[in-house]
Amino acid sequence: MGSAGGPIHIVGAGPAGLTAALAVARAGRQAVVHEQRCDTGGRFHGDLQGIENWTTPTDVLDELGQLGVEPTFDTHACREGAFYDPDGREYLYRSPHPLFYLVRRGKEPGTLDQQLKDQALEAGVEIRFRDPVTRLPQGGIVAGGPRGPDAIAVGYVFDTPRADGVFGTLSDRLAPKGYSYLLISRGRGTVATCLFDDFHREKLYLERTIDFFREKAGLQMRNPVRFGGTGNVLFPSTARHGEILFVGEAAGFQDALWGFGMRFAMLSGHLAAQAMLKSAPEDYDGLWRARLGDLLKVSIVNRCCFARMGDRGYVRLMRSIGRARDARDWLRRHYAPSPGKRLLFPFARRRFRSRRSPPGCAVSSCDCTWCRAHLSAPESPTAEPRLVSAQASGRPSL
Ligand SMILES: Cc1cc2nc3c(=O)[nH]c(=O)nc-3n(C[C@H](O)[C@H](O)[C@H](O)COP(=O)(O)OP(=O)(O)OC[C@H]3O[C@@H](n4cnc5c(N)ncnc54)[C@H](O)[C@@H]3O)c2cc1C
């Protein structure tokens, strides 16, 4: 699969895998995506998520356009939101430019997942559903999403008569070391608590979150459906294992502070495709480090600082953002690789322990798509050329 001219195999039809497939197909090469579920977006439930728009001066939708991803999915540009500190004080964060774009995730028409699938199919990508792939001996791109929870989010999606709005809060009583949010767009809503600690009391934190937003934001839920999910963050030594390139959350690429992973996923998918198209998988580590490395490092430093703050620290943080005339500028500065943050990174990296499943094995020639040995170990070549999928082998998905 790494061989020039043959198809490039991609494991996972999430944003990372489909963006990679789009790039491959648009360059005239055959892309085959293997997806273990029966459709794209099966991990999600129609929940609203935000694609962040503050880490670059360029608008994220323009950047995605340059990657070949057209914004055919439903988007809602959010320029302001009401945020509450642990004492319940409200701060209005505003920007003349979108702070983020709300998109829906899942299997319904108009979601990011379904629209990416349609774009990929139109470009000629072959997607094999119900096809969990466990090994990529010929190389390829692994975009299989998270494995093990560094953070969890639990909440409800629902219909609502309430007007559109974005609300958030930082409080260890509602979301230890994380945050709670309420997002409403065009009659659909998502309320959730995103925890970075004390996962086993998720039910309690979700109940408190719902009570909080009922009181502060007039939350009204109709036809609520419960959802939940996990996220992974890691700064890998390498996201390559011979001719296997890991992208999106499969590599641990995600904003460690708040868990914004979609932009990382699509960017890394595109970069891996570029390396594969040039038959130069060895270029990939340099490519993702150049575009995503500093962002990932700063987000890990930010997370470690945030985790030490506690409620009094959140108050100071929220006041400081509230004083900014443009919240987007404040956030961009907060994510900029300042000399201080560069200095702190080695310490933060040591403190920040990912809860990803431990490597399944430490065999240097392992071609298993979930083997994490290489993410922290020196690179090594892959084994004999053979693609094994569940369709072909009857193996269960890992
Ligand atoms: C509740 C929740 C809220 C979130 N909110 C936000 C947000 O507001 N903003 C943001 O930017 N990010 C958010 N994220 C994170 C974001 O959703 C992810 O970072 C992003 O989807 C990662 O994309 P991916 O393509 O790497 O992985 P995924 O989207 O997880 O896609 C992986 C795909 O691979 C498939 N797969 C896995 N293993 C195999 C296998 N062996 N064989 C075949 N197929 C396989 C899976 O079925 C899945 O379809 C949120 C996550 C959760 C859980």
Side-chain angles (χ1 to χ4, degrees), residues 9-21 32-53 55 60 78 99-107 111-113 116-117 127-136 140-147 149-157 166 168 178-179 181 183 190-195 202 226-233 239 246-269 272 299 368-371 387-391 395-398:
H9 289 266
I10 298 163
V11 180
L18 290 173
T19 305
V32 180
V33 178
H34 305 264
E35 169 55 50
Q36 65 183 4
R37 296 179 188 259
C38 59
D39 200 354
T40 48
R43 189 157 91 82
F44 298 98
H45 306 83
D47 39 317
L48 293 163
Q49 297 187 4
I51 306 184
E52 64 82 2
N53 190 40
T55 52
V60 63
C78 295
L99 288 162
F100 49 84
Y101 289 91
L102 286 184
V103 295
R104 273 179 309 120
R105 302 295 308 273
K107 295 198 276 189
T111 56
L112 175 70
D113 309 85
L116 281 177
K117 178 182 77 174
I127 308 180
R128 298 182 190 164
F129 289 109
R130 294 193 182 86
D131 188 19
V133 166
T134 56
R135 309 186 76 80
L136 277 177
I141 297 176
V142 174
R147 190 156 169 81
D150 292 322
I152 67 167
V154 287
Y156 288 96
V157 290
V166 168
Y179 58 99
Y181 59 91
L183 308 169
T190 300
V191 62
T193 176
C194 183
L195 313 174
E202 57 169 75
R226 179 88 188 260
F227 74 91
T230 65
N232 265 161
V233 185
F246 287 74
V247 299
E249 276 196 59
F253 294 152
Q254 173 153 231
D255 161 42
L257 180 57
W258 305 120
F260 287 88
M262 289 185 283
R263 195 170 179 180
F264 277 88
M266 292 187 272
L267 283 164
S268 57
S299 80
C368 157
T369 59
W370 289 123
C371 179
L387 171 76
V388 183
S389 75
Q391 273 178 6
R395 265 171 199 273
S397 151
L398 287 180

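All ligand and atom numbering here is 1-based and tracks the order in the structure. For the single chain, residues carry numbers from 1 onward in sequence order. Side chains included, hydrogens not; waters and symmetry mates left out as well; all remaining heavy atoms used.
When non-hydrogen atoms are compared, ligand 1 lies under 4.0 Å from the backbone of A16 as well as from its side chain. Only the backbone of D131 comes within 4.0 Å of ligand 1, counting heavy atoms alone; no side-chain atom from C-beta on gets that close. At a heavy-atom distance under 4.0 Å, only side-chain atoms of R43, from C-beta outward, approach ligand 1. Residue-level proximity to ligand 1 for F264 is absent, since no heavy atom of it falls below 4.0 angstrom. Neither the backbone nor the side chain of F253 comes within 4.0 Å of ligand 1, counting heavy atoms alone. With a 4.0 Å cut-off on non-hydrogen atoms, H34 touches ligand 1 through its backbone and not its side chain.
Taking 4.5 Å as the limit, every side-chain heavy atom of F100 sits out of range of all side-chain heavy atoms of M262. Contact check for V154 versus T193: side-chain heavy atoms found under the 4.5 Å cut-off. Between F260 and I51 there is no side-chain heavy-atom pair separated by less than 4.5 Å. Residues W258 and E52 have side chains not in contact (no heavy-atom distance under 4.5 Å, counting atoms from C-beta outward). For the pair L136 and V11, the minimum side-chain heavy-atom distance is below 4.5 Å. For the pair H9 and V32, the minimum side-chain heavy-atom distance is below 4.5 Å.
The ligand atoms of ligand 1 that sit less than 4.0 angstrom from a heavy atom of G229 are 53 (C). The distance from ligand 1 to the heavy atoms of G12 drops below 4.0 Å at these ligand atoms: 33 (C), 34 (O), 35 (C), 44 (N). Listed by number with element, the atoms of ligand 1 under 4.0 Å from a non-hydrogen atom of G248 are 26 (O). For ligand 1, the atoms lying closer than 4.0 Å to a non-hydrogen atom of G50 are 7 (C), 8 (O), 9 (N), 10 (C), 11 (O). The distance from ligand 1 to the heavy atoms of P132 drops below 4.0 Å at these ligand atoms: 42 (N), 43 (C). Proximity to V133 (heavy-atom distance under 4.0 Å) selects the following atoms of ligand 1: 40 (C), 41 (N), 42 (N), 43 (C). Near R105, meaning under 4.0 Å from any of its heavy atoms, are these atoms of ligand 1: 16 (C), 17 (O), 21 (O), 29 (O). Ligand-side atoms of ligand 1 in range of A153: 1 (C), range being under 4.0 angstrom from any heavy atom.
The line from CG of L18 to CD1 of I10 is 8.0 Å long, rounded to the nearest 0.5 Å. Here N53 contributes atom CG and T55 contributes atom OG1; the two are 8.0 Å apart, rounded to the nearest 0.5 Å. To the nearest 0.5 Å, the span separating OH on Y101 from CZ on R263 amounts to 10.0 Å. In this structure, CZ in R43 is found 6.0 Å from OG1 in T230, a value given to the nearest 0.5 Å. The distance from the CG atom of L102 to the OG1 atom of T190 is 8.5 Å, given to the nearest 0.5 Å.
The shortest separation from a heavy atom of W258 to ligand 1 is not under 4.0 Å, leaving the residue out of contact. Using a 4.0 angstrom heavy-atom cutoff, A143 counts as in contact with ligand 1. Not a single heavy atom of F100 sits under 4.0 Å from any atom of ligand 1.
Here's the thing with E249: one of its N/O atoms is less than 3.5 angstrom from an N/O atom of ligand 1. Where the criterion is an N or O separation shorter than 3.5 Å, residue side chain and backbone included, G228 fails it with respect to ligand 1. Between T230 and ligand 1, a contact under 3.5 Å exists for no N or O pair. Here's the thing with E35: one of its N/O atoms is less than 3.5 angstrom from an N/O atom of ligand 1. Close N/O approach between M262 and ligand 1 is found [any backbone or side-chain N/O within under 3.5 Å]. Between T134 and ligand 1, no pair of N/O atoms sits closer than 3.5 Å.
Salt bridge R105/D47: absent, no basic N to carboxylate O contact under 4.0 Å.
Listed by chain and residue number, V233, E249 satisfy the side chain to side chain contact (heavy atoms under 4.5 Å, CB included) test with Q254 (two or more places apart in sequence, or in another chain).
Nearest to atom 29 (O) of ligand 1 by heavy atom, out of G155, G145, P15, is P15.
Heavy-atom minimum distance, F264 versus F253: CB-O, 3.7 Å.
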